[in-house]
Amino acid sequence: MDHHDDHGHDHHDEPSYLVYGKEKGMAAFLKGWFVTVDHKRIGILYLISVLFFFLIAGMAALIVRTELMTAAPDMLTGDQYNIAFTLHGGIMVFLVIIPLTPAALGNFVLPLMLGAKDVAFPKLNLASLYVYWTGAALLVYAVLGGGFDTGWTFYTPYSTQAVGPVTWALLGAFTLGFSSIFTGLNFIVTIHKMRAPGMGFFRMPLMLWALYATALTQLLATPVLAITLALVVMERIMGVGIFNPELGGDPVLMQHFFWFYSHPAVYIMILPAFGIISELVSVHSRKRIFGYGAIALSSVSIALIGFLVWGHHMFVSGQSELSGVVFSFLTFFVAVPTAIKIFSWVGTMWGGSIRFNTPMLYTLSFLFLFLIGGLTGLFLSTMASDVHLHDTYFVVAHFHYVMASGAVISFLGGLHHWWPKMFGTMYNETLGKIGALIIFIGFNLTFFPQFVMGSRGMPRRYHEYVPEFESLHWMSTIGSYVLAAGLFLVMFYLLYALFKGPKAADNPWGAVTLEWETATPPIEHNFHHTPVCVRGPYDFPEIDESLGKGHH
Amino acid sequence: MANAHAHDPNRPAWVAHFFQSGEQQIESAKFGMWLFLAQEILFFSGLFMAYVAFRWLYPETWLAGADQLDKVMGGINTVVLITSSFTMALAVRAAQTKNPTALKINLLLTILFACGFMVVKYFEYTHKFHLGIFPADHYAYAGSTGLMPVFFAIYYCLTGLHGIHVVIGIGVLAWLLILAQKGRFMDGNYVLLENVGLYWHLVDLVWIFLFPLLYLVK
Amino acid sequence: MAGLSFGSVLDAVAAEGSFWMPPDASVTVDYVDPVFYYILWLTTFFFVAIVAVGTYFAIRYRKRSDDDRTHPSAGNHTVEAVLAIIPSILLATVFWLGFQGYMNLSVAPGDAMEIRVTGQKWFWTFEYPDEGVKIIASSDETERRKTELQRETGLVVPIGKPVKLIANSRDVLHSVFIPAFRVKKDAVPNRYTTLWFEATQEGEFHFFCTEYCGQDHSRMITKVIVKSQEDYDAWMKEERKISSAPKDGKTLFAQGGCTACHSMAGAKGVGPALNGIFGKDEVMADGSTVTVDDNYLRESIVNPTAKVVQGFGPVMPPFAGQFEDAELDALIDYIKAQK
C-alpha cells in the first residue's frame, strides 16, 4: 500500500480520535463529542445508543417469553402483554435493527474503507444522530406515557382507534425515518464521490457494496413509511382518514403502504450483514472472496427486487388472488441472489487457511442460522403454505432467524472484528468464543421450537394459549434465557475490554482493506494524505498465485 | 491536483478539509440534492397512490369533488408558481454571472410569488371551511355525495403537504436572501443556491401534477 | 406446570396430527400439506448439503501454520452458473405447486353451503342464512348456552359437505384461522372475504383469531364442531327454535358481547359500568353533559362514537343492524333496571 508523503511531516504524535481535543474539562468533552462532525465519534455515539435500546427491547422480550412459558396468563394482564410485545418489536425494529450496522458500524468504517477523511456531509451525519435521539425520545415518551399496544405494524383500524400515546409513537417512528434517510443519502454520495484514487466500484470492499445497496433502500423506501405514519397520525388527530372504512376508506390500503416500506426495510436490516460476512469470511480464511461480482451485483439486485414484493405479507388480507400470485412470483426472484451469496461465502472457505477466532465463529454461526432463516422464507413466499403459516409462530421464527441471527449475529461478528480498530484494545478471546457458542445454542433453542408450534397452529401475539403448545413454549423460553446469558457475557467482557483491555496491535487480523492502513485507533482526520488504492480488497499475502495455474 | 494537501495555498477557503478539491465538494453537494429530491418524490408518491386507488374506486365522487374546487384560483396559483420557478432560475443565473443586485431582486421576487401562492391557498381553504368542507370526520357540507369526505381527505393531504413544502421553501429562500445581502454566492461557490433552486423546481413540479389531477378532473 | 417432561413432549408430538401439522380434518389439507412437505424436504436437503460442505471446508482448510498458502481463485463461473440455475428451476417448481394449491384454496365449489362469520372485539358470530340461525360465540354466551341450554357453541358444520365462510368485521381487522383445515382469511370491516373447507373428520377443532385486535385477542377463540349429517340436522332444528324465540334483555346483553367491556357491578372496563346510570348526568369527552335517557342509550348502542364518555376512547363498534327494534327495547329496559 502506497502513501504519498511528499512533505515529510511527522504526524506520529497526533492523538487518536477518542481523545477529545487539546483542552480538558466538561465543556470541551461535550463539544468534542456532542457537537462533533467526526464520523467515527458519531458512529460510537450511535453504537452506544443502539446497544442501549437493544438491552431495553431485549428485556421486553424476556418479559414476553417468561409470560409465555405457561399457557395461562399468570404474570401480566392482556393489555400489559400487548404493550410488552409492541415495545419489543417497535424498539427493536426502529431503534435497533434498522440503524444497527449502517449507523453504528458503517459510520465508523465506511470513510476509512474508502480512503476518505469523512463522509460527504458530516453535518448531515450529526443531524442524523440528533434526529435519531429525537425519535427515540418520542418513542420513550410514548412508552412512559402508558405504552402503546398496536404492534410495531400499527395496522388500521386498530391503530387509529386505540387509546393511549399511539400518536407519539407514530411521530417517533416518523422522525426516526429521517435519521435513516439522511444516513442513506450521505453514504450514497460518499461512495460515489469520495473513493480513493485507484478504487473503482469493483475494487471496493464488499462491505461498501452492501452499505451502498442498503443506502439506496434507506433513501427510497423510508419516505413511504413516513407518509404512511403521517396519514395514520392525521386520522387519529383530525379524522383525515383514507383508511377509515366507515367513510369509504380502506384499511387494507394502509397495509400496502406500510409494507411497501417495511419489506425493503428488512433488506436494510440484512444487506449490511451480508457485507460484514463477506469481509469476515475473506479476512479470516485469508482468501479472495468467491464470486466478488456476483455478490456485489446481487446486493443491488436484492435491494431493487425488494421493492416489488411487499404483497407477500398480505396473501390472506383480502387482496385479490391475482395480486397474491404476482407478489409470490416476484418474491422467488429474491431467493436466487441470496442463495448465490451463501454459496459464495462457503466457496470462499475452500482452499483457505481458516482461523477460528471470535469473528469467524460468528461468521459460521451466521451461515448456519441465516440458512435456516432464508430457507424457511420459502414456506412463506409459497402461497398455499403461507395461507396456513401466516400470522403463526412460524413467521415469528422465520424473521427472528433472519433478523436476529442475520443482523445481530453478523453485527456481533463485525463488532468483534473492528473492535481493535475502533477502540485500540482487545477483548478476551476465550470469552469471545464462549459467548459466540452460548448465543448460537440459545438462539436455536429459543426459535426452532417456534417453527414447530407455528405450523401446528399457534397464532401470533397471543398472551395466553391452548395447553397443547405449552411444552414447545417452555423450551423456547429456556432458550431465551440462554441467549440472554450469552449476550450479557458479551456485554460484560466488551465493557471490560473497553476500559481495561490490553492494547491491540495495529492490524491484528492481517486485513488489507484501507481502514487497517491507518493508525489504531485512527487519528481524527483518518489519513494524513489520501491513500491510493493499488490492489484488490482481498489480496492477502498468503495467497499463492501459482496455485491457480492448473495444478492444486 | 486531486491529492492536494490541506495546506495547499491554491485550495479555495470554502473547500472542507475532507474533500480533495472544490470540484469534488460541489459535485457531492449536487448529487446529494438530487438524491434528496428522489426521496421527496417517494414521499409524495404515497399520497398519489392513494389518489389513484380511490379515484379508481369512486370515479363519480372524484368528478363531484373536482367541481367543488375553484379552477380559477388553482390556475392563478399554477401561473404564480411557474413564474416563481423562473425568477429562481434567474437568481441562479445572477450568481453565475456574479450580479449581486439581480440575485437579490430575483430571490425577493421568488419569495413574493411563493407568498402569493399561500395567500391564494388561504382564500381557497377558508372558503371551503365556510361551506363546511373539512377533511373526513369533520365533513359537514350538505351538497355532496356520501363519499366526498374521502376525496377531500386526499385533497387536503396532498395540497396541505405541498403547502408545507412551500412554506419551508419560503423560509429557506429568506435565509438565502440574508446570505445574499452579506455578499455570499459571488465567489464561484453557489451550489447552495442551485440546490435550493432544484428544491423549488420540484415543489413547482408537484403542483403541476396536483392541479390537473385534483382540479381538472373530467 | 404441564408438559415439562420429555415424555410429554413426545406425547404432544404424537397426540394430534404429525410432528409439523395439526390434525388433517378437511379436504383443503390436501392443498397445503403436500406443498409444505415438498418444501420441507427440499430445504432440509439443501440445508444439510450446505452445512456438510461448509463443515468439511472449515475442517479441511483450517489454519495449520503461519506459513499456510491459500488458493488464488476468486470464483468459478461454471460453478456459479450451476448453483444459480439449479435452485432457480427448483424454486419455479415450488412456486407452481404453491400457486396451484392456493387457487384450489381460493375457489370454493359451486354447491358450497354459505355461513356468515362476523368478527368483532372479542368474539365471533356465526349466521346460517338459510336456517335463520345466529350463534354468538362470545365467552358469556358460550357459558350461558352451556348452563341454561346444555348446548355447545361454535361453528357447527356437517361432515363431508363443502362449506364457504363469508367473513366480515364490525370494527378492526380480525382473521379466521382453522389450523386443522389449513385455512385462513382476514375479516375486514366494510368488506367481505371468503374461505372454504370440507370437513373429513367428526370432532372439535380450534377456531382462532389470528390478526391482532387488542386486549382480548388471545381469547377470541371458539371451535369448529363437525357433526354427522344426521346430528347436524337435528342440532340445526333445535337451533332454529332457539334463534326464533324472543330474547330478554339480559340474554341479549350477554349475546351481544357487551360484558366484554361493560360491567354491571360498577367496575370500570374498556367501557363505563352500566349499572345505575339511567337518569344520571354524564360528562362527555368534549366537556358537554348528557342526561342518560332512552334516546341516549339507544344512540350509544347503534352509533356509539357520536357521544363518548370522558375518560374512555371511541372504541365501541356500532351495533346498528345487529338488533331488531324489539331487541333494542329489551336491552334498554334491562340496562335501566340495573341499579
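Since we're looking at a predicted model, the values are computed, not measured. Chain identifiers are assigned alphabetically (A, B, ...) following the order of the sequence lines, protein sequences preceding nucleic acid strands; residue numbering begins at 1 within each chain.
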Point to revise | Atom CD of B:Gln96 with >12 non-hydrogen neighbours under 6.0 angstrom | key: yes

Check your understanding: Just wondering, do A:Thr530 and B:Gln20 contact through their side chains at under 4.5 Å, heavy atoms?
Key -> yes

Check your understanding: Taking the six-membered ring for Trp, are A:Phe174 and B:Phe43 parallel (under 30°), tilted (30 to 60°) or perpendicular (over 60°)?
Key -> tilted

Review point. Got a second to check how far B:Phe54's CZ is from A:Leu253's CG, nearest 0.5 Å?
Key: 5.0 Å

Check your understanding: Is B:Phe18 close to A:Val119 at the side-chain level, that is, under 4.5 Å between some pair of heavy atoms?
Key -> no

Review point. Checking A:Leu185 against chain B: side chain, backbone, both or neither under 4.5 Å from a heavy atom?
Key: both

Study note, to complete from the structure: Highest number of heavy-atom pairs under 4.5 Å with chain B among A:Thr228, A:Asp118, A:Val189 belongs to A:Val189

Check your understanding: What closest approach, in Å, do A:Phe121 and B:Ser28 show between heavy atoms, and which atom pair accounts for it?
Key -> CZ-O, 3.2 Å

Check your understanding: Between B:Tyr58 and chain A, which part of the residue has a heavy atom less than 4.5 Å away: side chain, backbone, both or neither?
Key -> side chain

Review point. Is B:Gln39 reaching over with its side chain to a backbone N or O of A:Thr222, donor-acceptor style, under 3.5 angstrom?
Key: no

**Study point:** Residue A:Leu225 versus chain B: region with a heavy atom under 4.5 Å
**Key:** neither

Practice item. Could you have a look at A:Val224, A:Ile188, A:Leu216 and say which one has the most heavy-atom pairs with chain B under 4.5 angstrom? Key: A:Ile188

Point to revise | Region of A:Leu219 that comes under 4.5 Å of a non-hydrogen atom in chain B | key: both

Practice item. May I ask you to name which of B:Leu47, B:Leu57, B:Leu161 has the most heavy-atom pairs under 4.5 Å with chain A? Key: B:Leu47

Practice item. Answer yes or no: does atom NZ of A:Lys123 have more than 12 heavy-atom neighbours from other residues, nucleotides or ligands under 6.0 Å? Key: no

Point to revise | Neighbour count >12 (heavy atoms, 6.0 Å) for atom NZ, B:Lys104 | key: yes

Point to revise | Distance (rounded to the nearest 0.5 Å) between A:Lys117 NZ and B:Phe19 CZ | key: 12.0 Å

Exercise for review: Output the distance between atom OG (B:Ser45) and atom CZ (A:Phe257), rounded to the nearest 0.5 Å.
Suggested key: 8.5 Å

Point to revise | Between CG on residue B:Leu42 and CZ on residue A:Phe307, distance to nearest 0.5 Å | key: 7.0 Å

Check your understanding: Relative to chain B, which segment of A:Met194 carries a heavy atom at a distance below 4.5 Å: side chain, backbone, both, or neither?
Key -> both

Revision key, fill the gap. Closest non-hydrogen contact found for A:Ile227 with B:Gly46 is CG2-CA, 4.0 Å

Practice item. Check whether A:Asn186 gets within reach of chain B through its side chain, its backbone, both or neither, counting any heavy atom under 4.5 Å. Key: neither

**Study point:** Contacting moiety of A:Ala116, where chain B heavy atoms sit under 4.5 Å
**Key:** neither

**Study point:** Residue B:Trp14 excluded, over 12 heavy atoms near CH2 under 6.0 Å
**Key:** yes

Review point. Could you state the interatomic distance from CE (A:Met238) to SG (B:Cys157), rounded to the nearest 0.5 Å?
Key: 7.0 Å

Check your understanding: Taking everything shown except B:Phe123 itself, do over 12 heavy atoms lie less than 6.0 Å from its CZ?
Key -> no

Check your understanding: Among B:Met49, B:Glu40, B:Glu27, B:Gln25, which has the most heavy-atom pairs under 4.5 Å with chain A?
Key -> B:Glu27

